[in-house]
Every structure is written in C-alpha cells, then in structure tokens.
Asks: 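Below is the structure I would like to discuss, written out as structure tokens.
Here, residue 1 is the first one in the sequence, and each next residue gets the next number.
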Amino acid sequence: MKYACLKAAGVISASLLALGAAHAAEPLKIGASLPLTGGFSIAGQKHQQGYELCVDLINKRGGILGRQVELLVSDNRSDPATAINQYERFINVDGVEAVYGTFSSRLSFPVASILAKNNMVHALPAGGALRIYTQGHDNIFYFQPNAAEYVGASLAGVIADLVPEGEAPKTAAVISADDFFANGVWTGLMGEKVMDPADGSLVRDLTPGYLAESGIEVVFSERWPEEGFSDWLNLANQVKRSGAELIVGLTASAEEAVQLTRALKTVRAEPKLVYFSQGTQAEYLEGTGSSAEGVLVHTSWHKDAPFESSLGGEAFSNADFVTAYQEKFGSAPDEDAAIPFAVCQGIEQAMIGAGSTDNPAMGKWLSERTKEDPVRTILGRFNWDEIGLPANKPFLMTQWNDGELQFVYPTDEFAGVSSLTYPKGSF
C-alpha cells in the first residue's frame, strides 16, 4: 500500500513537472496599446520600436525566466476609449502576463484605472500629469524623472545657474496646447492649483509658480485647442507683440513644436530664451533647420548620458542601446524610443526579482527599490515614492546647437555638459 502511494505520488509529481515544463516553454505574452496612428503617431511608432528592440535583445539572451517573450501591440489610434478596450482585451482575451504602458497622459490617465482594477503592474513610459498618480492606484510606476507639474523646476534652475547675473529674462509669454501633459507643465510654471478631476478636491497647490519665483512676469498667455489648431501665425504675432524675453511653448507633439517654431521665425521673434516641452526628436530638427538653434527642451534621456543598466542579466549601456537601435532601424534613437526601452528593462527586472510573472509580486519588488538598490535602465536609476513618481531624479535639459541636441543642465549630473547658448536672438 505504501509503495502504491509512493508510486502514485511519483506519477503526480512527474505530471506537475511536465505541466511546469510545458508552461515554461510557452511564450511570455506582454501587451502594449500604442497610438500608431492619429495625433500621437510619431511618438507611438517610436515607442513600438523601443519595445520591440528591447524584447528582441531579451529573447536573444534567453528570454525571461527561461521563456521567450511575445510582444502584442495594438493601435489605439490616439483614442482613450480604444486604449482602454485594448488593454482589457490583452488581459481578458489574449491572456497576457504583463503589459507595457502607452504614450501620453491623455491615454495613460484612463488606462491607469483599468490596469489597477485588474491588479496589473502599470509601468508608464509617458504619462506625466500629476493627477494620474494621486488616484490611489497600487503598482503604478513612472519611468521618467518627475510629474509634468515639476518640469518648471529645471527651467528655473537653468535660468538661476547658467544665465549671467543681471541678464535673466524678466518677462515671459506662455503658450500651450490644451493637453494633459502640457497643462501640467503650465500649472507648475504659472503657480496654479492641481485639482482631482473626480471630486474637485485639491491635489497640490503650486503657487506662486516657478516663473514668479524666478522673478519673471507673464505678459502673455494663451492655450490652443487640443485638436485642429492651425492659426500659428496669429499666435506667433501675439507672442512677438508682447515683447516677452522668454517664450515657453508647451506642445502636445513634435509636429506642433515644428509649426510653432516656423511661425515664430516668420514673424521674426527675437527672445532671449526659448523653452519647448517637445522638440528632442530628429523630426523637429528636420522640420525647423537653423531655427531650432538655441531652443531649450527638457528630456528624460540623452545619448551621451553614461548610465549603466542591465538587460538579460548582462551589463547594458546607452552606447549599446544606440548601436543596437541603429542596426535594427537604420537611424539614431531619441527619447521616444529610449523611454519605452527603459520600461521594458524595468518589467524584466521586476519579473526576475519576483521570480515570477505574478503582478502583485512584481509590484511589491518594484516598490521596494531604493536609491542603493534601484532598477537600472538606460534612463538611469529608478526607485519610486508612495504614489509612483521617481524619487530624487532631475530632468535633463538639452539645447539645439550647431544641429546637435546638447546636454546643458544639470551641470553636476555627469561629465560631457555643453555650455548654454544665451541669448538666443532671432529664430
């Protein structure tokens, strides 16, 4: 009888091992809903490339937990409702074990609720609006330096630390798309209150704002509609007539940044300093040429940043990323490809750290990261605060000079900092 029991137990154990081996042989499905068409398509397509490159390199290194990764990508057409439906399908129909985030705060805000409801880790490549992180969602992690509302701190730092004393701009024109992320940057610069859209409660009071704290008076401000705006010349003329020494352009896309730059050139605006929230992309330089000279743009990534990370259990640097991207796609990468690549790195490290694809376990591992024991990506090190924003991680400020996007601030982050061109002068 004892022998029979042992024999039966052996059969059961063998069956379980066989099931485990079969599961291990199955592909590890990860889903991503991206704006491959519509208003966010340029960034969305590059996000797809960043994810694809990362998954390809992981699979060449043996996969994750011994399993090859299968990336499922759907086009949400830059539409929030479509993005929601696609993530629900990934989870409930396709049986994905993890997801990668989408592009833009406009899409990420509603997606956050769906992923939280399904207990999925939500790693965001793009979704900087502060109100995404104040809804009480667990297992949400932003893979950029900080919320949009705090970008102005880096612009204020450039003015305080790099502009010669007595020569800083005294007046500003702030113009913006009526867009989730752009509105967040606007709120921080202008010193407004961040309100919870669900119940109207106060999230953060950002008064007096980064511009006022820098001694800069806003002499002109205007928002344009999120979709369908084309009156760029009239807007540029209003900016010029204001006499503002600092022009702040908060666009929703690189294409809008191109249109705004062309219009400012046409009206012959001559500010001391120009800061745009978009414009690190090669498409921006191609669309503006020499007019881009001196334009300041914040970024989360720069090719010369000497961040050391890991991929597939091996050391992986920014130089490795640039080389691999050029080999696969035939062009140099920008931050719209680098950020999703970092998200993919983070999810891989979470699975390895948790020892499984169980999302609560992955979220717990990510939330336990510290400054000394972080997630390591091509964007640098990440650990997060209690609401899912990175802790103590500054934005990188870059400037177009001589046809090259140069890293100019902060000056003590790492070597290779270029001098700020100031004043900009004419476009």
Asks: Does Q281 use its side chain to pair, donor to acceptor, with the backbone of A254 at less than 3.5 Å?
Replies: no

Asks: Look up atom CG in L155 and atom OG in S214, then write down how far apart they are to the nearest 0.5 Å.
Replies: 7.0 Å

Asks: Check this for me, if you would: do R106 and E227 make a salt bridge, where the nitrogen-to-carboxylate-oxygen distance has to be below 4.0 angstrom?
Replies: yes

Asks: Going by side-chain hydrogen bond (donor to acceptor under 3.5 Å, both in side chains), name the residues that satisfy it together with Y210, two or more places apart in sequence or in a different chain.
Replies: none

Asks: I'd like to know if the side chain of N59 and the backbone of G63 have a donor-acceptor N/O pair within less than 3.5 Å.
Replies: no

Asks: Side-chain contact, heavy-atom cut-off 4.5 Å: Q144 with I339?
Replies: yes

Asks: Has D402 got a side-chain atom pairing as donor or acceptor with E404's backbone, closer than 3.5 angstrom?
Replies: no

Asks: For side chain to side chain donor-acceptor pair (under 3.5 Å), just list the numbers for T102 and Y87, CA-CA rounded to whole Å, side-chain angles, deciding distance to a tenth of an Å, and then say yes or no.
Replies: CA-CA 10 Å; T102 190; Y87 277 108; 4.8 Å; no

Asks: So, using salt bridge (Lys or Arg N to Asp or Glu O under 4.0 Å) as the criterion, who are the partners of K117 when residues are at least two apart?
Replies: E88

Asks: My understanding is that only one of F316, Y100, W301, F307 makes a ring-ring contact (aromatic ring centres under 6.0 Å, His included) with F341; could you say which?
Replies: F316

Asks: Determine whether Y133 and L124 make a side-chain contact, defined as any pair of heavy atoms from C-beta on separated by less than 4.5 Å.
Replies: yes

Asks: Within the distance-only criterion (no hydrogens, no angle test), does the side chain of Q135 pair as donor or acceptor with the backbone N or O of R131 below 3.5 angstrom?
Replies: yes

Asks: Under a 3.5 Å distance rule, please check whether E222 uses its side chain to pair with a backbone N or O of I175 as donor and acceptor.
Replies: no

Asks: Given 3.5 Å as the limit, does a donor-acceptor pair link the side chain of E348 with the main chain of C344, or not?
Replies: no

Asks: Is R223 close enough and on-axis enough to W186, meaning under 6.0 Å and within 45°, for cation-pi?
Replies: yes

Asks: Give the minimum heavy-atom separation between R67 and P27, together with the two atoms involved.
Replies: NH2-O, 3.2 Å

Asks: Quick one: closest heavy-atom pair of R376 and S309, and the distance?
Replies: O-CB, 3.3 Å

Asks: Are the side chains of Y142 and I140 in touch, meaning some heavy atoms are under 4.5 Å apart?
Replies: no

Asks: Take Q399 and V297 through the side-chain contact (heavy atoms from CB on, under 4.5 Å) test and state the conclusion after the steps.
Replies: CA-CA 6 Å; Q399 187 178 49; V297 192; over 6 Å; no

Asks: If you compare all heavy atoms of H122 against all heavy atoms of S108, which two are closest, and at what distance to 0.1 Å?
Replies: CE1-O, 4.0 Å

Asks: Under a 4.5 Å cut-off applied to non-hydrogen side-chain atoms, are N183 and D178 in contact?
Replies: yes

Asks: Could you list all the salt bridge (Lys or Arg N to Asp or Glu O under 4.0 Å) pairs where at least one residue sits in residues 47-63, not counting sequence neighbours?
Replies: D56-K328, R61-E314

Asks: Can you tell me if CZ on R262 sees more than 12 non-hydrogen neighbours from other groups inside 6.0 Å?
Replies: yes

Asks: Apply the test side chain to side chain donor-acceptor pair (under 3.5 Å) to residues N383 and T370: give CA-CA distance (whole Å), side-chain angles for both, the deciding distance (0.1 Å), then the verdict.
Replies: CA-CA 5 Å; N383 63 289; T370 64; over 6 Å; no

Asks: Could you tell me which non-hydrogen atom of V417 sits nearest to which non-hydrogen atom of V408, and how far apart they are?
Replies: CG1-O, 3.4 Å

Asks: If we count only N and O atoms by modelled type, under 3.5 Å, do the side chains of N234 and D231 hold a donor and an acceptor together?
Replies: yes

Asks: Within the structure provided, determine whether T398 and L296 are in side-chain contact (heavy-atom separation under 4.5 Å).
Replies: no

Asks: Please assess Q259 against E255 for the test side chain to side chain donor-acceptor pair (under 3.5 Å), listing each intermediate value before the final yes or no.
Replies: CA-CA 6 Å; Q259 296 297 333; E255 177 57 29; 2.7 Å; yes

Asks: Look at D334 together with K46 and state whether they make a salt bridge at an N to O cut-off of under 4.0 Å.
Replies: yes

Asks: Who pairs with K364 by side-chain hydrogen bond (donor to acceptor under 3.5 Å, both in side chains), at least two apart in sequence or on another chain?
Replies: E368

Asks: Which residues pass the ring-ring contact (aromatic ring centres under 6.0 Å, His included) test with F276, not counting sequence neighbours?
Replies: none

Asks: Write down the atom of S33, the atom of A83, and the distance for their closest heavy-atom approach.
Replies: OG-CA, 3.6 Å

Asks: Short question: side chain of N318, backbone of I378 - any donor-acceptor pair under 3.5 Å?
Replies: yes

Asks: For residues L28 and V96, determine if any side-chain heavy atom of one lies less than 4.5 Å from a side-chain heavy atom of the other.
Replies: no

Asks: Any side-chain heavy atom of R369 sitting closer than 4.5 Å to one from F382?
Replies: no

Asks: What are the two closest heavy atoms between L260 and G249, and how far apart are they?
Replies: CD2-CA, 4.0 Å

Asks: Who pairs with S291 by side-chain hydrogen bond (donor to acceptor under 3.5 Å, both in side chains), at least two apart in sequence or on another chain?
Replies: none

Asks: With distance as the sole test, does E97 use its side chain to make a donor-acceptor pair with the main-chain N or O of D358 at under 3.5 Å?
Replies: no

Asks: With a cut-off of 6.0 Å (strictly less than), are more than 12 heavy atoms of other residues, nucleotides or ligands near CG of N392?
Replies: no

Asks: In terms of relative ring orientation, are F321 and Y325 parallel, tilted or perpendicular, with 30° and 60° separating the classes?
Replies: tilted

Asks: Can you find a side-chain donor-acceptor pair between E149 and T187 that sits under 3.5 Å?
Replies: no

Asks: Please answer whether the main-chain N or O of P35 pairs with a side-chain N or O of S78 as donor and acceptor at a distance below 3.5 Å.
Replies: no

Asks: Any donor and acceptor pair, going by atom type alone, linking the side chain of S317 with main-chain N or O of D320 inside 3.5 Å?
Replies: yes

Asks: Dump the intermediate steps for side chain to side chain donor-acceptor pair (under 3.5 Å) on W224 and E256, then the final yes or no.
Replies: CA-CA 11 Å; W224 63 82; E256 284 190 337; 3.2 Å; yes

Asks: Begin from the C-alpha positions of F109 and L107 and carry the test side-chain contact (heavy atoms from CB on, under 4.5 Å) through to its verdict.
Replies: CA-CA 6 Å; F109 181 76; L107 302 179; over 6 Å; no

Asks: Could you go through the side-chain contact (heavy atoms from CB on, under 4.5 Å) check for L246 and I216 one step at a time?
Replies: CA-CA 9 Å; L246 165 64; I216 298 174; 4.0 Å; yes

Asks: Indicate yes or no: at least one non-hydrogen side-chain atom of P125 is less than 4.5 angstrom from one of F143.
Replies: no

